[in-house]
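Taking it in order: structure first as structure tokens, then the write-up.
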There are 2 protein chains.
Amino acid sequence: MALRHALLAALLDRELSGYQLTKLFDLAASSFWHASSQQLYAELAKLEADGLLTGHEVVQHGRPNKRVFALTDNGRDELARFTAAPTKPISIRDDLIVKAYAEHAADPSVLIKQLEDRLAQSRAKDEFLQSQLARLRDGKSEEEYLASAENIGPYLAGTRGRMYLRDEIDWCEWASGVLRNRS
Amino acid sequence: MALRHALLAALLDRELSGYQLTKLFDLAASSFWHASSQQLYAELAKLEADGLLTGHEVVQHGRPNKRVFALTDNGRDELARFTAAPTKPISIRDDLIVKAYAEHAADPSVLIKQLEDRLAQSRAKDEFLQSQLARLRDGKSEEEYLASAENIGPYLAGTRGRMYLRDEIDWCEWASGVLRNRS
DNA sequence: CCCCACTACTCAATTTCTTGAGTAATCATA
DNA sequence: TATGATTACTCAAGAAATTGAGTAGTGGGG
């Protein structure tokens, strides 16, 4: 039941279809939470069965129809309960860190390549996220936005994601530099 | 097979018992990889069955005997193969970020409390990690250490963990400040 | 007009991880 | 001398996530 609350949070204050959620939770796009589309559709079905979400068909012209989902009152309550419950500590699980840990068994140039690949990915993601955050701010300064906007949750979460990416960029640059200096 | 390589990496250049690994992979202790002891013992058994690890009994006085594990040549090769293989992008999964995303459904004071709790945890972990890194450096400056040490993998990985924690500290402080200003 | 990309989903098998409960011995402390 | 913490593990059930393969319609480019 880990995805559950992420889905409820995503549907707070708006309706989205499974497919739109797929994109929001996509590996490449999400600095919020990740899940595959299969997992999403399965969890959406459960949430609907549990009455935390309602889905309704939207007829479309020129493309397949879709079902959009919205929070029910129960869903909103569940989300509030979740927010108040004790938070599990995070557990880091990143193959690239394992690879760095195993540096001694690796060919330095191979490891440097891995770090550079991640660096490029993270830079691209960071640019994307930055643009998303700018869109949310909608011309306002960050201060102004955070003081005035209705729903700042996505901005807070997105900022955390960006910090993560900035770190990754810094670390990859640093670590690959260290490795280059040694060889 | 996600834990696999983290275990192999942990056993690179040293022998450890299941119990010692438990502590290394513990939620509270690890900024490298997390796993429960049950998962570890199960995976150790598989790795031994697959010939990537060898375990041998160590008789102890004044405490239960233990089995320590060491990499085999196959294990070392497997680790090298893993390091060279394409790395999966990371997927962020942190309940606290979901809670921040759902800010609009939450009682601000509750969310602030959650952020402050995490802040305290991360500060404690950061102090611990900092001391671990200092121990690895063993009196040397970072530059000196990184240029001269045999096996810098754990230091590279630990540094990434510390960056993660620093970020978490910064973000929790920032986000709780934002929320306080709004209420 | 064919092929590819995109929208919008589904099914099934398997692996991985979590949760919860135990066992059993030793050591320190109150 | 009982009590709890630490060392060192095991078993089993179930939830969550991954992997891989499919279906089916629409729009646009060559």
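In the text below, chain A, chain B and the rest are named by the order of the sequence lines, each starting its count at 1.
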Could you state the [atom1]-[atom2] distance from [X] to [N], rounded to the nearest angstrom?
{"X": "A:F25", "N": "D:dA17", "atom1": "CZ", "atom2": "C1'", "value": "14 Å"}
{"X": "A:F69", "N": "C:dC9", "atom1": "CZ", "atom2": "C1'", "value": "10 Å"}
{"X": "B:L27", "N": "C:dC17", "atom1": "CG", "atom2": "P", "value": "13 Å"}
{"X": "B:L3", "N": "D:dT18", "atom1": "CG", "atom2": "P", "value": "15 Å"}
{"X": "A:D26", "N": "C:dC9", "atom1": "CG", "atom2": "C1'", "value": "16 Å"}
{"X": "A:Q39", "N": "C:dC17", "atom1": "CD", "atom2": "P", "value": "13 Å"}
{"X": "B:E43", "N": "C:dC17", "atom1": "CD", "atom2": "P", "value": "8 Å"}

- Say whether, by atom type as modelled, one donor and one acceptor occur between the side chain of B:R67 and the main chain of B:G55 under 3.5 angstrom.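 Pair found, side chain donor or acceptor close to backbone of B:G55.
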- Message: Can you tell whether the side chains of B:D107 and B:K113 come within less than 4.0 Å, N to carboxylate O?
- Response: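 No, B:D107 and B:K113 are not salt-bridged.
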- Message: Using a strict threshold of under 4.0 Å (side-chain N to carboxylate O), is an ion pair present between B:R4 and B:D50?
- Response: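 Counted as a salt bridge, because a side-chain N and a carboxylate O are separated by less than 4.0 Å.
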- Sugar-phosphate only, base, or nothing, as touched by B:R93 at under 4.0 Å among non-hydrogen atoms: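 Sugar-phosphate only.
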- Query: Can you find a side chain N or O atom of B:H34 that sits less than 4.0 Å from OP1 or OP2 on C:dC17?
  - Reply: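 Answer no for this pair, as no side-chain N or O of B:H34 is under 4.0 Å from OP1 or OP2.
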- Using the ring of A:F82 (Phe, Tyr or Trp, six-membered ring only), decide whether B:K99 places NZ or CZ under 6.0 Å from its centre and within 45 degrees of its axis.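 The answer is yes, since B:K99 meets both limits relative to A:F82.
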- Message: When you measure from the centre of the six-membered ring of B:F32, is the NZ or CZ of B:R162 closer than 6.0 Å and no more than 45° off the axis?
- Response: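 Pair B:R162/B:F32 does not count as cation-pi.
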- Item | Nucleotide-resolved protein contact map, nucleotides 7-12 of chain D, B/S/- at heavy-atom distance under 4.0 Å | BBBBB-
- Message: If you define the side chain from C-beta out and look only at heavy atoms, does anything of A:D117 sit under 4.5 Å from B:T87?
- Response: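 The answer is no; the side chains never approach within 4.5 Å.
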